[in-house]
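Chain letters run A, B, ... following the sequence lines, proteins first, then strands; residues in each count from 1. Just so it is clear, the structure is predicted and the values come from calculations on it, not from any experiment. Computed from heavy atoms alone, side chains included, the values below leave out hydrogens, waters and symmetry copies.
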2 protein chains.
Amino acid sequence: MTSEDVQFPTLERSPTLSDRVTDSVLQMITSNALKPGERLPSERDLGIKFGVSRTVVREALRSLAAKGVLDVRTGSGAIVARVGVETASQTLRLFVQGSRAGSDALHYDQINDVREMLETRVARIAARAAQPADLDRLRELHEQMKKAKNDVELASSLDVAFHREIAVATGNPLFVVIIDSIEPALLEIRRKTLGSAGRPTKALRAHAQILERIVAADAEGAESAMNEHLADSRAVWARLES
Amino acid sequence: MTSEDVQFPTLERSPTLSDRVTDSVLQMITSNALKPGERLPSERDLGIKFGVSRTVVREALRSLAAKGVLDVRTGSGAIVARVGVETASQTLRLFVQGSRAGSDALHYDQINDVREMLETRVARIAARAAQPADLDRLRELHEQMKKAKNDVELASSLDVAFHREIAVATGNPLFVVIIDSIEPALLEIRRKTLGSAGRPTKALRAHAQILERIVAADAEGAESAMNEHLADSRAVWARLES
DNA sequence: TCCACTGTTTACATTCGACGAATTGGCATG
DNA sequence: CATGCCAATTCGTCGAATGTAAACAGTGGA
């Protein structure tokens with residue numbers, strides 16, 4: 001009898017030792033057995049507990065630190081951390097960037113779909129949730145953009161930053177992370193559209209109106225103002241692309 | 001004058017060697033100097049190039065692998081990869097989970113804001129973008145959920161999976177990642193609301209209508225059907241919370 | 001000529017041991 | 001009781017050695 005009817009196990013790409021340690025520790029964290037702020041045993045002790053060398057433990061901890069769930073510092077040890085906006089944003093940005101190539105590429109229209117969905121809703125929510133400090137920052141960014149009217153590069157950054165700040169004003173970090181993920185694409189678009197004649201002043205006017213509606217806590221008004229702004233922006237982009 | 005109004009710089013503790021190597025390689029990747037599919041030099045060679053030990057290189061590569069930008073396999077080497085949906089979703093989920101505790105906690109209402117924003121728009125886009133295969137999967141999930149009416153646990157999973165599949169049907173991976181990030185929260189909610197009397201059949205009816213509108217490629221109809229479904233779901237939730 | 005097998009080489013996986021550097025906490029001193 | 005110093009802890013980095021998996025190239029047979 002040859003090996004014809006043997007059951008081939010679903011050959012699980014043998015996880016490396018450090019992968020297994022990573023999963024194990026990660027699961028302890030996600031299951032809340034280890035809470036943020038808590039300190040893990042030393043690398044040496046972990047190695048003993050898992051029966052692996054310290055090198056393996058180090059690589060596992062290093063992976064978790066890269067994911068943002070651990071903060072490991074010299075002399076102190078590894079501390080369970082909460083994944084911050086920066087980490088989440090970075091990963092999502094890498095995801096978007098990576099998805100923009102290849103056959104199943106993320107098309108510009110798809111990013112724009114996300115943007116429209118996000119920004120209209122964000123404008124609405126910001127209008128009813130913005131705190132005084134948020135409004136101050138928005139005003140400040142708007143003023144800076146007025147002054148930077150002739151510097152396309154700087155104006156683009158400020159433009160995108162203005163939109164981001166509206167997301168911050170909602171008080172919902174998820175909105176911030178999402179807008180961060182498409183930030184490079186937005187910046188790219190902005191650089192091109194702002195070069196178009198008359199765009200800077202028009203964009204400034206639109207921003208002024210959005211800001212005014214947010215300050216007035218007018219959710220509907222803020223949303224429709226943002227909607228117009230986006231529609232206009234889209235029109236300019238369509239003209240440039242052709 | 002004491003140290004009352006001095007600006008304490010966020011003293012950046014000296015980046016470790018492997019952190020610097022990580023940044024260096026990551027920058028090569030984001031700047032497209034290294035394209036997806038390309039192979040990096042061996043760990044040994046990298047160590048020589050950077051003037052560090054192989055251990056340091058290994059930890060750096062391991063970090064990048066955790067971020068999803070590298071795929072390192074035994075015998076072959078490290079290959080630049082595109083960050084996949086799974087990696088992005090995982091990080092975002094960890095972010096959401098971590099944000100649900102503490103004083104600045106992510107409140108349920110905030111997750112619901114994201115959900116409403118996402119699902120209404122997703123339903124609309126899916127209606128005009130869904131492919132036959134997507135529709136098949138949606139129908140299949142719906143059928144399964146019909147059968148699982150009495151198993152709250154299973155029905156909850158299928159319910160959430162149905163919503164996720166609508167996001168998949170848009171063909172836009174960003175929507176999928178976003179819905180994945182709030183999946184645990186959705187599941188939690190579903191488990192509770194589906195326990196309520198009469199909910200299962202009502203949810204099934206709503207799903208049937210959404211599915212029908214998507215199949216009919218009726219964007220407006222799909223959006224409003226989803227809107228009703230969400231409003232209803234929210235009402236049940238509000239009743240349960242009080 | 002083409003294909004399958006096999007041995008070699010390359011590259012990662014893991015271990016051990018050692019030393020340096022940063023942090024912490026306790027202890028001695030004034 | 002406050003201060004400053006020392007010692008223990010823990011991570012950071014290095015180097016060498018051995019095991020394992022994948023790719024490669026050469027060989028023999030059909």
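Using a 4.0 Å cut-off between charged nitrogen and carboxylate oxygen, A:R73 and A:D71 count as a salt-bridge pair.
With hydrogens and angles ignored, a donor-acceptor pair under 3.5 angstrom links the side chain of B:R54 to the base of C:dA13.
Under the 3.5 Å distance criterion, the side-chain polar atoms of A:E119 are left unmatched by any main-chain donor or acceptor of A:E116. Between the B:T87 side chain and the B:V83 main chain, no donor and acceptor come within less than 3.5 Å of each other. A distance-only check finds a donor-acceptor pair linking the side chain of B:N172 to the backbone of A:Q110 [under 3.5 Å].
Considering only side-chain atoms of A:V52, the nucleotide from C:dA13, C:dT15, D:dG12 that sits closest is C:dT15.
Computed from coordinates, the A:R58 CZ to D:dT13 C1' distance equals 8 Å when rounded to whole Å. With rounding to whole Å, B:I48 atom CD1 is found 13 Å from D:dC14 atom P. In this structure, B:R62 places its CZ atom 12 Å from P of C:dC12, rounding to the nearest Å. Going from atom CZ of A:R44 over to atom C1' of D:dG12 covers 16 Å, rounded to whole Å. Distance CG (A:L70) to C1' (D:dC11): 14 Å, rounded to an integer number of Å.
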Nucleotide by nucleotide, nucleotides 3-10 of chain D touches protein heavy atoms under 4.0 Å in the pattern (B base, S sugar-phosphate only, - none) -------B
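A donor atom on one side chain and an acceptor atom on the other are found under 3.5 Å apart for A:E140 and A:Q144. The closest side-chain donor-acceptor pair between B:D19 and B:T16 falls under 3.5 angstrom.
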